[in-house]
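Worksheet: the structure to be examined is printed underneath.
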Amino acid sequence: ASCVHIGNLSGYASTGNFNVSIGEYSLSTATSSADNTGVGSQALRYVNNSSSGGNTGIGRLAGQDITSGSNNTVIGYQAGHGQAGSNLTTGSNNILIGKSVDASTGSASNEVVIGNSSQTSFKVGGINFEANANAVTQGGVFYENNTTVSADYTITNGRNAMAAGPITIASGVTVTVGADETLTIV
């Protein structure tokens with residue numbers, strides 16, 4: 001197998017190809033899994049079958065509980081291993097960045113999560129964009145939305161939505177508002 005393993009029991013059971021593990025117990029049970037990179041003590045420790053390839057875990061305990069999930073990127077101390085019940089195990093195509101960041105469930109797929117529940121604001125400095133529990137702002141004053149709905153949209157159950165109008169709904173596009181939801185255009 002074309003692999004590199006550095007650290008006590010790093011890659012211990014690995015028989016897959018193209019795995020890189022650096023740190024104690026990283027990728028230690030990666031039997032036939034391939035194309036994984038685990039950097040940090042116990043990173044991707046339980047990745048263990050041929051369907052669990054393409055994972056990247058950087059940080060102590062990052063992605064430790066992934067068993068058969070594939071193509072996940074977890075970066076940070078305990079990323080994907082933060083809370084019981086939502087530790088990433090079988091989900092695929094996730095990106096988790098930050099200390100103790102978890103997907104919505106252990107089997108969640110196609111999620112991007114940046115920061116854990118302690119973070120209260122998301123900022124992009126170069127374009128002066130901020131999102132928090134109270135508002136989405138650009139430049140601190142205005143929120144802008146598109147004037148045309150160009151793809152089908154369904155308001156999430158139990159949620160309301162609003163937009164600044166007028167709004168045009170493109171031909172063939174459907175906007176669905178459930179019985180318990182409200183769409184307000186101001």
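Quick note: residue numbers are just sequence positions, from 1. In this text, all values refer to a predicted model and were calculated from it rather than measured experimentally.
- Between Ser32 and Thr15, the closest side-chain pair of non-hydrogen atoms falls below 4.5 Å.
- Here the CD1-CD1 distance, from Ile114 to Ile97, works out to 5.0 Å after rounding to the nearest 0.5 Å.
- Side-chain contact check for Ser52 and Ser33: at least one donor-acceptor pair (N or O, by modelled atom type) lies under 3.5 Å.
- The minimum heavy-atom distance between Ser68 and Thr90, with the atom names listed, is OG-CG2, 3.4 Å.
- No path of Ile, Leu, Val, Met, Phe, Trp and Tyr side chains, each step under 4.5 Å between heavy atoms, connects Val113 with Leu61, placing them in separate hydrophobic clusters.
- Between atom OG of residue Ser118 and atom NZ of residue Lys99 there is a gap of 7.5 Å, rounded to the nearest 0.5 Å.
- Without hydrogens or angle criteria, Gln78 side chain to Ala62 main chain gives no donor-acceptor distance under 3.5 Å.
- Taking 4.5 Å as the limit, every side-chain heavy atom of Thr37 sits out of range of all side-chain heavy atoms of Asn19.
- Contact of the Thr156 side chain with the Thr154 side chain is not registered, since no non-hydrogen atoms from C-beta on lie closer than 4.5 Å.
- A search for side-chain hydrogen bond (donor to acceptor under 3.5 Å, both in side chains) contacts involving Ser70 returns Ser92, not counting sequence neighbours.
- When side chains are defined from C-beta on, Ser10 does not count as touching Glu24, because their heavy atoms never get closer than 4.5 Å.
- With values rounded to the nearest 0.5 angstrom, Thr29 atom OG1 is found 11.5 Å from Leu9 atom CG.
- Across all non-hydrogen atoms, the minimal contact from Asn116 to Ser100 is CB-O, 4.0 Å.
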### Query
side-chain contact (heavy atoms from CB on, under 4.5 Å) between Ile66 and Asn72: does it pass, once the steps are laid out?
CA-CA 9 Å; Ile66 297 172; Asn72 294 293; 4.1 Å; yes

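- Note that CG of Asp152 and OG1 of Thr176 are 7.0 Å apart. Values are rounded to the nearest 0.5 Å.
- Residues Ile155 and Val149 fall within the same hydrophobic cluster, defined by Ile, Leu, Val, Met, Phe, Trp and Tyr side chains chained together at heavy-atom separations under 4.5 Å.
- A donor and an acceptor atom, one from each side chain of Ser26 and Gln42, are nowhere located under 3.5 Å apart.
- Both tests hold for Arg45 against Tyr25: distance to the six-membered ring centre under 6.0 Å, angle to the ring axis within 45°.
- Within the 4.5 Å cutoff, the side chain of Asn55 has no heavy atoms near those of the Asn71 side chain.
- Side-chain atoms of Asn94 come within 3.5 Å of backbone atoms of Glu111 as a donor-acceptor pair (strictly under, hydrogens ignored).
- Interatomic distance, CD1 of Ile75 versus CG of Leu96, reported as 9.5 Å (0.5 Å rounding).
- Leu183 is not listed as a side-chain neighbour of Met162, based on a closest heavy-atom distance of 4.5 Å or more.
- For the atom pair CD of Glu181 and CG of Asn160, the computed distance is 7.0 Å after rounding to the nearest 0.5 Å.
- Considering all non-hydrogen atoms of both residues, Cys3 and Ser14 come closest at SG-OG, 4.3 Å.
- Looking at heavy atoms from C-beta onward, Asp102 lies in side-chain contact with Asn87 at the 4.5 angstrom threshold.
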### Query
What do the steps show when you test Ile58 against Val74 for side-chain contact (heavy atoms from CB on, under 4.5 Å), and what is the final call?
CA-CA 6 Å; Ile58 300 174; Val74 291; over 6 Å; no

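- Smallest separation of non-hydrogen atoms from Val173 and Ile169: O-CG2, 3.4 Å.
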### Message
Let's go through Leu27 and Val47 carefully: what are the C-alpha distance in whole Å and the side-chain angles of both, what is the deciding distance for side-chain contact (heavy atoms from CB on, under 4.5 Å) to 0.1 Å, and is it a yes or a no?
### Response
CA-CA 6 Å; Leu27 284 169; Val47 167; 4.2 Å; yes

